[in-house]
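Encoded as structure tokens, the structure appears first; notes follow it.
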Number of protein chains: 2
Amino acid sequence: MTDINEPLTQPADRRVETPAARKASPAREASLLALAELLFFAYRDFTRDPDTILKDFGFGRAHHRVLHFVNCHSGLRVADLLDALNITKQSLGRVLKQLIDQGYIVQEAGSVDRRERLLYPTAAGRALVKRLAAPQLIRLADALKAAGPGAEAALRRFLEAMINAEERPKVSSIMASTPVALEDDGKGEAS
Amino acid sequence: MTDINEPLTQPADRRVETPAARKASPAREASLLALAELLFFAYRDFTRDPDTILKDFGFGRAHHRVLHFVNCHSGLRVADLLDALNITKQSLGRVLKQLIDQGYIVQEAGSVDRRERLLYPTAAGRALVKRLAAPQLIRLADALKAAGPGAEAALRRFLEAMINAEERPKVSSIMASTPVALEDDGKGEAS
DNA sequence: GAAATTAAGTCAACATGACTGACATAAACG
DNA sequence: CGTTTATGTCAGTCATGTTGACTTAATTTC
């Protein structure tokens with residue numbers, strides 16, 4: 001209790017602070033803080049619809065993320081997934097195992113390097129992804145429309161710049177791979 | 001703009017396929033999915049810096065959210081906070097208690113309704129918020145700059161539209177209250 | 001071909017922050 | 001006065017994140 005008035009000289013380490021001290025005006029700071037708040041609210045609601053659907057399957061948001069990446073970049077390796085999600089093998093293992101056991105994802109040994117397990121969505125997996133994505137796509141499309149012309153391009157530039165510079169190559173490489181649309185190509189072996 | 005979307009009658013319950021209308025082209029869907037992915041990456045990195053700092057204090061992201069709202073909208077009631085965060089009393093209670101016990105937040109009975117506990121940041125709380133916000137403000141400012149002129153206004157319109165329509169009044173009302181800048185000036189405990 | 005490295009899977013143990021539902025208190029309202 | 005409201009709290013559960021150590025299989029390196 002009590003180092004209330006302590007000046008917070010944290011042990012943390014010299015993180016951030018960026019080069020030449022950037023000092024925004026208080027008004028500018030308040031404006032950016034409000035933007036951060038908006039981002040929080042937007043993201044909160046963006047994830048809400050799929051979260052609700054997932055509950056019916058006994059899944060959580062972690063499953064959604066895995067399903068999304070496996071569907072949109074099908075054939076990626078477990079290591080790629082770990083990289084994209086930035087979680088531990090253990091964490092991923094739990095949800096991935098469930099998704100595999102329940103038939104939403106299959107794995108296949110890599111043809112060049114057979115240690116690698118390449119991940120693919122099953123038809124059921126594609127159908128579930130499609131269903132989870134549906135409300136999000138509508139929300140995104142509506143919001144882009146509301147934001148007006150040009151907003152989409154600006155938004156993409158903004159979001160890309162928000163990503164850690166060191167991570168950008170990794171992200172680009174993942175995003176460049178099999179940018180596949182939501183196809184449930186007929187056969188719905190489950191849902 | 002295509003009329004990919006229309007009514008947005010999608011309360012998260014009406015799952016599966018939107019009516020008959022609203023079918024985006026596969027290419028458009030892929031493009032929006034990529035946008036969703038970017039949003040995930042951006043948000044992931046946006047929260048990373050403060051998360052790292054918080055660990056040094058034994059706090060988590062939940063503490064950050066509470067601190068942020070109490071600082072930016074100081075004097076809000078516990079009920080307002082529950083509304084903003086969309087979590088349960090129990091969940092909030094835990095982190096709020098820690099923040100109060102450790103001297104980052106103080107509460108004061110409302111003057112009109114003494115049942116209400118109005119929340120205020122202490123000097124230590126303001127200092128911590130400032131420190132947590134610093135990397136985020138820099139990131140936001142940089143990203144806005146990278147996105148080019150006009151991006152900020154478009155982004156705000158986009159984010160606002162991403163929020164559930166029913167939630168917007170609540171959000172507006174919270175955001176309208178005491179949009180305070182990051183000042184860790186004099187002033188100590190709650191007024 | 002043996003050794004080292006790498007990709008993946010797994011174990012145990014643990015922390016955080018969500019949840020539910022029930023209940024206690026104090027203040028305000030009618 | 002009794003009811004409702006705002007808050008706080010108890011007990012228990014669940015999802016998802018963490019670390020560190022270890023196994024297995026395949027590839028690479030010497």
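Order of the sequence lines fixes the chain letters, A, B, ..., with proteins taken first and strands second; residue numbering starts at 1 for each chain. This structure is a prediction, so every number in the text was calculated from the model and none was measured.
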Checking contacts here: which listed nucleotide ([options]) is nearest the side-chain heavy atoms of [X]?
{"X": "Val78(A)", "options": "dA26(D), dA8(C), dA27(C)", "result": "dA8(C)"}
{"X": "Arg117(A)", "options": "dA27(C), dT27(D), dA8(C)", "result": "dA8(C)"}
{"X": "Val95(A)", "options": "dA8(C), dT27(D), dT16(D)", "result": "dT16(D)"}
{"X": "Ala79(A)", "options": "dA18(C), dA28(C), dA8(C)", "result": "dA8(C)"}

I need the [atom1]-[atom2] distance between [X] and [N], as an integer number of Å.
{"X": "Glu116(B)", "N": "dG8(D)", "atom1": "CD", "atom2": "P", "value": "11 Å"}
{"X": "Ile87(B)", "N": "dC14(D)", "atom1": "CD1", "atom2": "P", "value": "20 Å"}
{"X": "Asn86(B)", "N": "dC19(C)", "atom1": "CG", "atom2": "C1'", "value": "13 Å"}
{"X": "Leu81(B)", "N": "dT7(D)", "atom1": "CG", "atom2": "C1'", "value": "13 Å"}
{"X": "Lys55(A)", "N": "dA18(C)", "atom1": "NZ", "atom2": "P", "value": "14 Å"}
{"X": "Arg94(A)", "N": "dT19(D)", "atom1": "CZ", "atom2": "C1'", "value": "12 Å"}
{"X": "Arg115(B)", "N": "dA24(C)", "atom1": "CZ", "atom2": "C1'", "value": "15 Å"}
{"X": "Leu54(B)", "N": "dG17(D)", "atom1": "CG", "atom2": "C1'", "value": "15 Å"}

Answer with base, sugar-phosphate or nothing: what part of the nucleic acid does Val112(A) contact at a heavy-atom distance below 4.0 Å?
sugar-phosphate
Just to be sure I understand the rule, does Gly93(A) reach a base, reach only the sugar-phosphate, or reach nothing, if contact means heavy atoms closer than 4.0 Å?
nothing
With a 4.0 Å cutoff (strictly under), does any side-chain N or O of [X] reach OP1 or OP2 of [N]?
{"X": "His63(A)", "N": "dA15(D)", "result": "no"}
{"X": "Ser91(A)", "N": "dT16(D)", "result": "no"}
{"X": "Arg65(A)", "N": "dG17(D)", "result": "yes"}
{"X": "Thr88(A)", "N": "dG17(D)", "result": "no"}
{"X": "Gln107(B)", "N": "dG8(D)", "result": "yes"}

Just to verify, what does Gln98(B) make a side chain to side chain donor-acceptor pair (under 3.5 Å) with, not counting sequence neighbours?
His63(B)
Do Val129(B) and His64(B) come close enough that some side-chain heavy atom pair is under 4.5 Å?
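Of all side-chain heavy-atom pairs linking His64(B) with Val129(B), none is under 4.5 Å.
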Between the base of dG9(C) and the side chain of Lys89(A), is there a donor and acceptor pair under 3.5 angstrom?
yes
Does the pair Phe46(A) and Phe40(A) meet the rule for a ring-ring contact (aromatic ring centres under 6.0 Å, His included), with working shown?
CA-CA 10 Å; Phe46(A) 182 59; Phe40(A) 163 75; over 10 Å; no
side-chain contact (heavy atoms from CB on, under 4.5 Å) partner of His73(A), chosen from Ile174(A), Asp80(A), Leu81(A)
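The passing option is Ile174(A).
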Treating Ser172(B) as the side-chain partner and Arg168(B) as the backbone partner, does any N or O pair qualify as donor plus acceptor under 3.5 Å?
yes
Between Arg61(A) and Arg114(A), name the one whose nearest nucleotide on DNA chain D is closer to the 5' end.
Arg61(A)
Pair Glu160(B) + Arg157(B): basic N to acidic O under 4.0 Å:
no
